[in-house]
Number of protein chains: 2
Amino acid sequence: MPRPLIDLLWRDHPDAPAGGRRGPRARVATGDVVATATRLADAHGLAAVTIRTLAAELDVSTMSVYTHVNSRDDLLVLMADAAHATVELPAFGRQGWRSRVRAVADANRALLARHTWLLDVADERTALGPGTIAKYDHELRALTPLDLDAVTQDAALTFVLDFVRASARAAVPTAGAGELAAHWPEWGVRLASYLGGEFGLAQQVGAAAGEAQQGTRDPDFAWRFGLARVLDGLAGLAGA
Amino acid sequence: MPRPLIDLLWRDHPDAPAGGRRGPRARVATGDVVATATRLADAHGLAAVTIRTLAAELDVSTMSVYTHVNSRDDLLVLMADAAHATVELPAFGRQGWRSRVRAVADANRALLARHTWLLDVADERTALGPGTIAKYDHELRALTPLDLDAVTQDAALTFVLDFVRASARAAVPTAGAGELAAHWPEWGVRLASYLGGEFGLAQQVGAAAGEAQQGTRDPDFAWRFGLARVLDGLAGLAGA
DNA sequence: CTGTACGCCGTACAACGTACAGTGTCATGA
DNA sequence: TCATGACACTGTACGTTGTACGGCGTACAG
């Protein structure tokens with residue numbers, strides 16, 4: 001059984017337990033497992049990260065993976081923290097809170113675009129990792145100009161990041177999209193007949209929104225719209 | 001093989017195909033399957049909704065379930081639409097947009113509190129269901145006082161609902177929470193030693209936020225905070 | 001009465017995470 | 001130097017999941 005998760009998360013820290021030196025040298029390190037799993041997830045989605053394919057990719061036996069990682073759930077935490085550690089954290093300098101928040105939002109949007117699978121990792125233990133904590137610390141600084149108390153500052157950051165996550169999620173084709181597209185010719189007419197004249201507003205707005213979404217015209221309208229709303233929403237805190 | 005999903009979604013509509021009258025009478029209807037699955041999901045989470053336990057609950061054989069539902073994925077869509085159909089859609093009357101939006105947010109919060117598993121259903125085909133469409137139509141009306149164009153109106157509603165979803169998700173203990181709590185005595189001190197004096201802001205704010213979250217003091221601070229931000233954010237659209 | 005559409009069911013398969021019981025290898029304490 | 005024991009690694013096996021497939025019996029249409 002490998003070291004506990006907390007030590008695996010901090011495995012690069014000087015104080016991290018190195019583990020005994022006995023026995024054969026490990027052919028792969030925990031970092032390799034995490035990196036390979038991340039590559040798989042980037043390429044084929046989180047569902048493609050199975051212990052078996054991961055082991056094959058690492059050229060070790062299936063069960064060998066458990067030498068470096070306690071469980072698949074732990075692995076996801078390690079992957080998430082490693083991903084968080086990759087985001088750049090440039091000092092904000094003299095920027096005002098608006099451009100700071102904008103920078104944070106953009107960075108997270110890019111992160112989630114690179115690693116869509118992060119949307120499917122919801123494990124509280126991620127908060128224990130060095131990458132996650134460093135990122136959190138940095139992002140809190142985006143809000144210091146607003147001079148909020150601690151609880152409010154945390155809530156404000158959560159508010160921003162939740163928007164980014166939702167926005168990123170909308171950009172991903174969800175389950176059943178293929179089915180829908182495949183049957184749309186039949187189902188579309190069927191649906192129209194069911195609807196008849198009812199729900200006119202929904203039909204009109206839905207059609208317009210759907211058209212705008214897949215048309216090349218302004219692909220990220222929703223992003224700019226939402227981010228503007230977020231900033232306007234936070235603006236009320238500036239004067240308080 | 002049962003009827004296609006679109007017809008199952010609209011199975012209560014007068015024009016829905018009734019299916020032939022031959023063969024033995026069905027012991028359960030699609031609606032029963034959906035209702036039972038919903039009960040299971042409410043009580044034990046979506047993971048507890050397996051075809052086998054569902055069949056046992058309905059007192060039929062495992063494979064019989066597939067007579068009434070095409071697949072588990074389809075079932076989730078049916079469950080989601082049925083849940084959407086339960087929300088009340090009271091006319092807004094003379095209310096202004098602020099209280100309308102507030103009502104929509106509250107209704108969705110209550111819905112997600114009743115059926116937490118809705119957070120785990122992300123299937124685009126849900127949008128085809130009568131309950132979902134009726135709900136969408138109603139919620140769009142919350143924004144009509146703002147007099148937005150169709151695309152913006154849809155984006156604004158999405159903005160509100162995404163906030164509610166994120167808020168609801170935060171209220172649910174995520175995976176690994178048990179593990180975390182179990183090992184916290186050891187891991188807490190370990191983490192403190194790893195952190196040392198670094199990331200002071202994160203430590204301070206994180207501690208305050210964590211304390212406030214589990215303290216009885218103001219359990220839904222984040223909700224009120226976020227909703228206020230959302231409303232403030234939308235306010236900018238009123239004057240345009 | 002007969003054909004057939006339809007509800008129901010038992011068996012079986014592939015894939016998953018992972019527990020368990022090893023086997024072999026190497027640094028170390030005697 | 002040698003025995004000890006820690007450690008990386010592996011094969012087998014179990015329980016669980018969704019569901020494809022084929023068969024069986026029922027009750028209505030002709």
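Letters A, B, ... mirror the listed sequences (proteins, then strands); counts begin at 1.
- Arg27(B) contributes no side-chain N or O that forms a donor-acceptor pair with the base of dG7(C) under 3.5 Å.
- Atom CZ in Arg25(A) sits roughly 12 Å away from atom C1' in dA8(D) (whole-Å rounding).
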Show your reasoning for whether side-chain hydrogen bond (donor to acceptor under 3.5 Å, both in side chains) applies to Asp74(B) and Tyr66(B). CA-CA 10 Å; Asp74(B) 276 26; Tyr66(B) 289 102; over 6 Å; no
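- Side-chain proximity of Pro24(A) to dG24(C), dG7(C), dT19(D): nearest is dG24(C).
- When rounded to the nearest whole Å, the span between CZ of Arg22(A) and P of dG29(C) equals 7 Å.
- When each of dC8(C), dT17(D), dT18(C) is scored by its nearest atom to the side-chain atoms of Arg72(A), the top-ranked nucleotide is dT18(C).
- Here the nucleotide nearest the side chain of Tyr66(B), chosen from dT19(D), dG11(D), dA8(D), is dT19(D).
- Using the six-membered ring where Trp is involved, His183(A) and Trp187(A) have ring planes that are parallel, under 30° apart on the 30 and 60° scheme.
- Nearest heavy-atom pair, Asp220(B) versus Arg109(B), reported as atom, atom and distance to 0.1 Å: OD2-NH2, 3.2 Å.
- For Ser61(B), whose side chain is taken as the heavy atoms from C-beta onward, the closest listed nucleotide among dT18(C), dA8(D), dG10(C) is dG10(C).
- For the pair Asp74(A) CG and dT18(C) C1', the computed distance is 13 Å after rounding to whole Å.
- Counting to the nearest Å, the P atom of dA19(C) and the CD1 atom of Ile51(A) are 11 Å from each other.
- If you measure from atom CE of Met63(B) to atom P of dC8(C), you get 13 Å, rounded to the nearest angstrom.
- Regarding Arg3(A), its CZ atom lies at a distance of 17 Å from the P atom of dA6(D), rounded to whole Å.
- The CG-C1' distance, from Leu58(A) to dT10(D), rounds to 15 Å in whole Å.
- The aromatic rings of Phe159(B) and Phe159(A) sit perpendicular, their planes meeting at an angle over 60°, well past the 30° parallel limit.
- Distance from the side chain of Thr62(A) is smallest for dT18(C) among the nucleotides dC16(C), dG18(D), dT18(C).
- Side-chain proximity of Ala26(B) to dC8(C), dT10(D), dT4(D): nearest is dC8(C).
- Phe221(B) and Phe225(B) have parallel rings, their planes meeting at less than 30° on a 0 to 90° scale where 60° marks the start of perpendicular.
- Of the two residues contacting DNA chain D, namely Ser64(A) and Thr53(B), the nearest-nucleotide position lying further toward the 5' end is that of Ser64(A).
- Protein atom CZ of Arg52(A) is 14 Å distant from nucleotide atom P of dC14(D), rounded to whole Å.
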